[in-house]
**Student:** 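Structure incoming, see below.
Order of the sequence lines fixes the chain letters, A, B, ..., with proteins taken first and strands second; residue numbering starts at 1 for each chain.
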There are 2 protein chains.
Amino acid sequence: MKDNVLIGVKEIARQANVSIGTVDRVIHDRTGVAEVTRKKILAIMKELDYQPNILARRLASKKVLRFATLIPAVSSETEFWEAPLKGIQQAEAEIKQFGIVIDKYFYNQNDKQSFVDQSKKILKTNVDGVLVAPIFIEESLAFSKLCNLAKIPQVFINSDIPNESRLSYIGPDLFQSGHLSAHIVNYLVAKHDKILIVNISKEIDSYHHLLRKEKGFISYFEGHEKEVQIIKTDITPETDYASISIKLRVVLAEHTDVKVIFVTNSRVFSVAQFLEKNGLSHIRLVGYDFLTESIAYLKKGIIDFLICQKPQEQGHKGIMTLYQNLVLNTEIEATYYMPIDIITKENYKSYRN
Amino acid sequence: MKDNVLIGVKEIARQANVSIGTVDRVIHDRTGVAEVTRKKILAIMKELDYQPNILARRLASKKVLRFATLIPAVSSETEFWEAPLKGIQQAEAEIKQFGIVIDKYFYNQNDKQSFVDQSKKILKTNVDGVLVAPIFIEESLAFSKLCNLAKIPQVFINSDIPNESRLSYIGPDLFQSGHLSAHIVNYLVAKHDKILIVNISKEIDSYHHLLRKEKGFISYFEGHEKEVQIIKTDITPETDYASISIKLRVVLAEHTDVKVIFVTNSRVFSVAQFLEKNGLSHIRLVGYDFLTESIAYLKKGIIDFLICQKPQEQGHKGIMTLYQNLVLNTEIEATYYMPIDIITKENYKSYRN
DNA sequence: CTGAAAGCGCTTACAG
DNA sequence: CTGAAAGCGCTTACAG
């Protein structure tokens, strides 16, 4: 008659003939419980299919959970990292009432050392989970190893690193996004047309990510009936407008018949600026990311398409993934590819990052 | 010294020199509190910028919140409504530990009466919030009015209804999505090409939504340099494959030079089937929604593009909106347009509803 | 190794 | 109109 009256730890304690303190100990795998008792309690928990009440747990526990985020600072060059930060802040607002605190660290994406410095800082605090944008491959890998030693789960966003021990990657499938860009470009070209791929990057490490997109792009046209001609140019390490301008001028002087330019990252707005200034707006232009400057060129028709992968949602989902893992104890997908969104003059207004 | 030791209702009670029971009464706007007391407590709450602890509230309150959802049943004609339902279930799993129960009601989208019947059922239960897909305009409006009388907040998904008193609309901007489709089609046509718009709908009410898309589409080409010729055909009320086939055969016999077909809803797969069977796959085809059948035609290249608006997220976000309003007491956006996603052969694999 | 008690910030009867 | 007490399902010292 009284069987189902009790619930949770109390019911377990009753059935096991122990106090709820002891039940709590085995739930949290703490030491100081006789092996027999532990086994008995575990069995009962299993039979009852015990699910802890998260509300009660967070309310009773004074302990706050600390998450750290490590992403590039918003730079004068690109506002791209504003969006993930916004997503992080949004998630923070949603879960702060559950006792979660988020410490935000930023590095300079043109300076590896700043990444190393910041990551060291994080490890000095006692942090329960980290969200990282691992732009620098080796340094990120080193950081990841240290986290794993300290049993700190890591979520990567924006770009992945071959690393089996991260909790999850949330971001684009770079190869596929290049492939899709090519599909769109395919609508813009005729047989034998010439296409220019432009990689703009200061740091050689991020260049690696651009190459993935480039490969996806090129693969689309391999053996394709249109038999387009693809040429490419890399603009590095100087990426100010003057440097870009000089380089493009040379390339386009040599190849006067370029029909489409594909820029593998958000720096597409610099190329747009160049085309506009030099009266070359008949050249079709495709690039990446939802930046204010790029949108302006999209409106004007200088940029035809932008590929975007929900940077804000990446930040938001990254934090929520840590939350789900650490608080709710949910299963986490090791890889979560963001949808590849195509932004045009027509739909940018309703676009949600 | 002891000032900040207390928190929440206790601190308010202390400052107001009353018991926490009384504080609770004014927080929840219950009767039976002297006006002076109420004012005093309100003032203190304001000064302290009191934010209730949701965890404690939900834990202490035995009351469950009931949400009801009213959407079309998945039909043999289209699996479209599977996705919103999935989103609803996903949200349910996330918030059920907060004491929220979701009752799911379904109507037949070809039968107004079934909508009326189900909505009546809902009103007989004591429900705290509803999520509705208001396909039938008048019936939905009537239901909405009754909800408002009973102070039940409503969230609309998938299509909106002129109605100032709903809590929120979450779904596509129909006009814009038609406009965007036209922009894409623009890449597929040459000057003076002929475009066929196809509306397929059993119920005249949902036809209204299709018209919005049609208008957006046509508006794009008004005064456009390409001077395309746009014709249209409505297939109603019979929408089985045979009926569609007969109608299309007639139209395409008369207009043998149609270059592109734009189908204003998910029934694009029926048109694809027709084109394939009749060796007309050279005609470009654009339509709506991420259905298994349509994706198959997308893969084959019979369908060129699909416009999709995250039906699953609509369901998910719809429930979460009720949750935010009723539990967290957050400000809610009255209109939340879903992004307009363009699905192609290249990106459908990573598409998230 | 284990238990009893206090407490997290609220809500809910109940008593007056 | 108001207060005191019990309780939601946990966690956290503390005592033994």
**Student:** Taking any heavy-atom pair under 4.0 Å as a contact, classify T31(A): base, sugar-phosphate, or nothing.
**Tutor:** nothing
**Student:** Should the side chain of R58(A) and the base of dG9(D) be counted as holding a donor-acceptor pair, with the cut-off at 3.5 Å?
**Tutor:** no
**Student:** Please work out if I27(B) contacts a base, only the sugar-phosphate, or nothing of the nucleic acid, heavy-atom cut-off 4.0 Å.
**Tutor:** nothing
**Student:** Between atom CD in E35(A) and atom P in dT2(C), what is the gap in whole Å?
**Tutor:** 10 Å
**Student:** Below the 4.0 Å mark, does dC1(D) have OP1 or OP2 next to a side-chain nitrogen or oxygen of R30(B)?
**Tutor:** no
**Student:** Look at the side chain of S61(B) and decide which nucleotide, out of dC1(C), dA13(D), dT12(C), has an atom nearest to it.
**Tutor:** dT12(C)
**Student:** Which residue, P52(A) or R38(B), contacts DNA chain D at a nucleotide closer to its 5' end, judged by nearest heavy atom?
**Tutor:** R38(B)
**Student:** Using a strict 4.0 Å threshold on nitrogen-to-oxygen distance, state whether D29(A) and R38(A) make a salt bridge.
**Tutor:** yes
**Student:** Roughly, in whole Å, what's the span from CZ in R25(A) to C1' in dA4(C)?
**Tutor:** 11 Å
**Student:** Rounded at 0.5 Å granularity, tell me how far CZ in F98(B) sits from NZ in K96(B).
**Tutor:** 12.0 Å
**Student:** Name the closest nucleotide to the L59(B) side chain, picking from dC1(C), dC8(D), dA5(C).
**Tutor:** dC8(D)
**Student:** Centroid-to-centroid, Y336(B) to Y169(B), below 6.0 Å?
**Tutor:** no
**Student:** Starting at the 5' end of DNA chain D, write a dot or bracket for each base, bracketing those in Watson-Crick or G-U wobble pairs whose two distances are under 3.5 Å and using | for partners on another strand.
**Tutor:** |||.||||||||.|||
**Student:** For the atom pair CD1 (I88(B)) and CD1 (I157(B)), what is the distance rounded to the nearest 0.5 Å?
**Tutor:** 5.5 Å
**Student:** Could you please name the option among dC10(C), dG3(D), dC10(D) that lies closest to any side-chain atom of A60(B)?
**Tutor:** dC10(C)
**Student:** Which of the following nucleotides, dC14(C), dC10(D), dA4(C), is nearest to the side chain of S19(A)?
**Tutor:** dA4(C)
**Student:** In whole Å, what is the span from the NZ atom of K63(A) to the P atom of dC8(C)?
**Tutor:** 18 Å
**Student:** Among dC8(C), dG3(D), dT12(D), which is the nearest nucleotide to the side chain of K10(B)?
**Tutor:** dC8(C)
**Student:** What's the separation between atom CD in E79(A) and atom CD in E82(A), rounded to the nearest 0.5 Å?
**Tutor:** 5.0 Å
**Student:** Side chain of T22(A) only, heavy atoms from C-beta on: which candidate in dG3(C), dC10(C), dT12(C) is closest?
**Tutor:** dG3(C)
**Student:** When you match N17(B) and Q51(A) each to their closest nucleotide on DNA chain D, which lands nearer the 5' end?
**Tutor:** N17(B)
**Student:** Under 4.0 Å between any heavy atoms, over every strand shown, what does G32(A) touch: base, sugar-phosphate, or nothing? Just pick one.
**Tutor:** base
**Student:** CD of E11(B) versus P of dC8(C): gap in Å, rounded?
**Tutor:** 13 Å
**Student:** Would you please name every residue forming a side-chain contact (heavy atoms from CB on, under 4.5 Å) with I54(A), sequence neighbours left out?
**Tutor:** R58(A), V327(A), L328(A), Q97(B)
**Student:** Side chain of N53(A) only, please: which of dG9(D), dT2(D), dT12(C) is the nearest?
**Tutor:** dG9(D)
**Student:** Rounded to the nearest angstrom, tell me the gap between atom NE2 in H28(A) and atom P in dT12(D).
**Tutor:** 7 Å
**Student:** What is the distance from NZ of K62(B) to C1' of dC10(C), rounded to the nearest Å?
**Tutor:** 12 Å
**Student:** Would you say E94(A) and H316(A) are linked by a side-chain donor-acceptor pair, where the criterion is simply a distance under 3.5 Å?
**Tutor:** yes
**Student:** Looking only at the side chain of A56(A) (C-beta and beyond, no hydrogens), which of the listed nucleotides dC10(C), dG9(D), dG3(D) gets closest?
**Tutor:** dG9(D)
**Student:** Can you tell me the distance, in whole Å, between the NZ atom of K39(A) and the C1' atom of dC1(C)?
**Tutor:** 16 Å
**Student:** Considering only side-chain heavy atoms of V33(A), which listed nucleotide, dT2(C), dC8(C), dG9(C), is closest?
**Tutor:** dT2(C)
**Student:** Round to the nearest Å and state the distance from I20(A) atom CD1 to dC8(D) atom C1'.
**Tutor:** 12 Å
**Student:** Applying ring-ring contact (aromatic ring centres under 6.0 Å, His included), which residue pairs with at least one partner in residues 119-152 of chain A are found, sequence neighbours left out?
**Tutor:** Y107(A)-F136(A)
**Student:** Need one value for I54(B): base, sugar-phosphate or nothing, where a base atom within 4.0 Å counts as base even if backbone is also close, heavy atoms only.
**Tutor:** nothing
**Student:** So, for R25(B) and V33(B), which heavy atoms are closest and what is the spacing to 0.1 Å?
**Tutor:** CB-CG2, 3.6 Å
**Student:** Measure from the side chain of V9(A), starting at C-beta and using heavy atoms only, and say which of dC10(D), dC8(D), dG3(D) lies closest.
**Tutor:** dC10(D)
